Amino acid sequence: MFRTNTCGELKITDVNKTVTLAGWVQTVRKFGSITFVDLRDRYGITQLLLNETLNAQLETNPLGREFVLQASGKVTERSSKNVNIATGEIEIAVERFTILNKSITPPFTIQDDTDGGDELRMKYRFLDLRRNAVKKNLELRYAVGRSTRNYLHENNFMDIETPFLIKSTPEGARDFVVPSRMNAGQFYALPQSPQTFKQLLMVSGYDRYYQIVKCFRDEDLRADRQPEFTQIDCEMCFVEQEDILQMFEGLVRRIFKDVKNIDYTEVIERMTWEEAMWQYGNDKPDIRFGIKLNNLKFPSHTFADKENISSIITSDFAVFNEAETVLAICVPNCSDYTRKQTDELVEWVKRPQIGMKGLAFIKYNTDGTFKSSIDKFFTNDQLKNIAAACHAVAGDLILILAGAEEKTRKAASDLRMYMGTTLGLRKADDFKLLWVLDFPLFEYDEDGNRWVARHHPFTSPKPVDINTMINNNPAIENAAEYLKHPYANIKANAYDMVLNGNEIGGGSIRIFQRELQEKMFAALGMDAEEQQHKFGFLLGAFEYGAPPHGGIAFGFDRLCSILGGSESIRDFIAFPKNNSGRDVMIDAPSTIDEKQFEELQIRLDVK
RNA sequence: GGAGUGGUAGUUCAGUUGGUUAGAAUGCUGCCCUGUCACGGCAGAGGUCGCGGGUUCGAGUCCCGUCCACUCCGCCA
């Protein structure tokens, strides 16, 4: 037996027990003839005391950081205690120890506040994983997984594995492809999600399916996007949208309780996509704070009060007059911003990532007066009316952006988020869930002058829109006026769950009739032959009694990182890839042997 | 595909207007130290300033190119 106890469990009540511990040397503190060693394992740190006799042994075999050590001795009460660690009241009076293995000096310190940079930590990830800071993220991930499995199991969901070597369908994200040796010239694709398989499982009658499963997308990466990532993938049959929303509100509440000990009992807010876009400029709004967008001009979409608001910004100010959209946000208690501060905001929106030409502001001073960067063009009464339209009160700072609709809306949303962060309104330990509903079924693809599925091609339209879809030609005659095409207004039975401004899950009620699915594929520009080639198996299955069904998938890594209070998902994945999709520890991807190419009958022609 | 920021000791960083021997902290090594727990004290070693080219009497510093990392836009049904 290597050890009788772990390094995290011995307490004052264990004094006088004879124990054996095994672990890694965290630090060595030498005081002449006695030496303290902090021994670390997964469970904690226990102090070892090496007396004069054993100290002599260290002369010939000195200990270094990260040596693997086995030590036996008696648990004793410390004469000076350390209240900062769980085992701080005791130490082990070591009687004998064995160096099980040596370590060369690690390239960075194995501490919570390590001196290692990201690149180095990733190269030596096996050392980085020894750090408490990363370990607790993986523990949180494990807890979220367990909570999920428990909840879904209790609700009759069945975990069924689906294949990783599947068929490439170049809709949506780019596929990772895998050559088939036994079928020369042919390729598998790694799944972007188990979408079609879980639908087939519904046809098979496994009415509640789930899987915590790896998915693969060959697209550019971000702090919160990895080429391989994990989803909580779920599907149910004989359900309507409301059933799914209820079931998975339950899941998220359970996770909050199990993992964070938070009773999320409040009603989970819901808003339509349309509302989200016009109130927050974004389909995944952070509703922990207000600062909603106010439309100061005729919006091109239907929206409340447009008649009343439109006259407010009438003046000689060409920027507003010529802009497609004018949006304002009202930032509370910031009317005292200095010239320097407002200038910084102007520069902020002019950055290439935002790309606005400028930013107008109105200070609604606490004494009720107005001071504005557009004083020249607007009377005091007009400023007052604009302020009223923005629901501003004295002390507020109104920020106004003008320009092309989509760009301005995105900029206003970014500015809102920036102000929210600046003002400390986005606290990591404050959680607010939201359902965004009624997404458009189609999105216009400018390059192809065609419709693409906003969610995916298996999403069903709202029942009231089915006839619109069936009875209209999907062809877009006038590209400039695509918004007037009947398809532009078709809404989907699709829903996203949003947590603190992050999309954590999304799903839909699916199409389950062959005819409607064919119509959907046709709307996306697929002729009958192509449909058969790509999705013949699904269309065929729909003819054998496919039940109504729908589902949802949660981004597991992202959910864990948000619960852990981090922007990046990388430290919630044991072995993540870097920005370029490389694993710098094992150095992948890499070239392969000539023999492998021969077996695959593939010749390289790198451009 | 595009934009921004960065690359200097093992590590994290500083380095002024282009000017003598490129610094700090930490880590590492050695010596001292019986109650530390971020131990302390003394001494020491440690540098292809990412790489290539250019300007200059002289480049860590300026210019061009390139590679790498991070963040963002595009992309991510």
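Just so it is clear: chains get the letters A, B, ... in the order the sequence lines come, proteins before strands, and each one is counted from 1. Keep in mind it's a predicted model, so treat the numbers as computed, not measured.
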Contact under 4.0 Å: A:Arg29 side-chain N or O vs B:rC37 OP1/OP2: no
When you compare B:rG23 with B:rG46, how far apart are their P atoms, in angstrom units rounded to a whole number? 13 Å
Please say which of A:Arg454, A:Lys491, A:Lys462 ends up in a salt bridge (Lys or Arg N to Asp or Glu O under 4.0 Å) with A:Asp438. A:Lys462
Answer with base, sugar-phosphate or nothing: what part of the nucleic acid does A:Lys407 contact at a heavy-atom distance below 4.0 Å? nothing
Quote, to the nearest angstrom, the C1' distance that separates B:rG47 from B:rG54. 24 Å
Which whole-number value in Å describes the distance from A:Glu52 CD to B:rU34 P? 9 Å
Over how many whole Å does the gap from A:Asp220 atom CG to B:rC70 atom P extend? 13 Å
Between B:rU36 atom C1' and A:Glu91 atom CD, what is the distance in whole Å? 10 Å
Is the A:Phe537 ring parallel, tilted or perpendicular to the A:Phe535 ring (thresholds 30°, 60°)? tilted
Whole-Å distance, A:Arg582 CZ to B:rA69 P, equals 8 Å
What integer distance in Å separates A:Asp224:CG from B:rU71:P? 9 Å
Would you state whether a donor and an acceptor, one from the side chain of A:Arg78 and one from the base of B:rC37, lie under 3.5 Å apart? yes
Nearest whole Å is fine: how far is B:rA38 C1' from A:Arg65 CZ? 13 Å
When the P atoms of B:rA45 and B:rA22 are compared, how many Å lie between them, rounded to an integer? 14 Å
Is there a stack between A:Phe31 and B:rC33, judged by ring centres under 5.5 Å and planes under 30°? no
Take the protein atom CG of A:Leu221 and the nucleotide atom C1' of B:rA69, then report the distance between them rounded to whole Å. 13 Å
What's the CZ-C1' distance between A:Arg225 and B:rU71, to the nearest Å? 13 Å
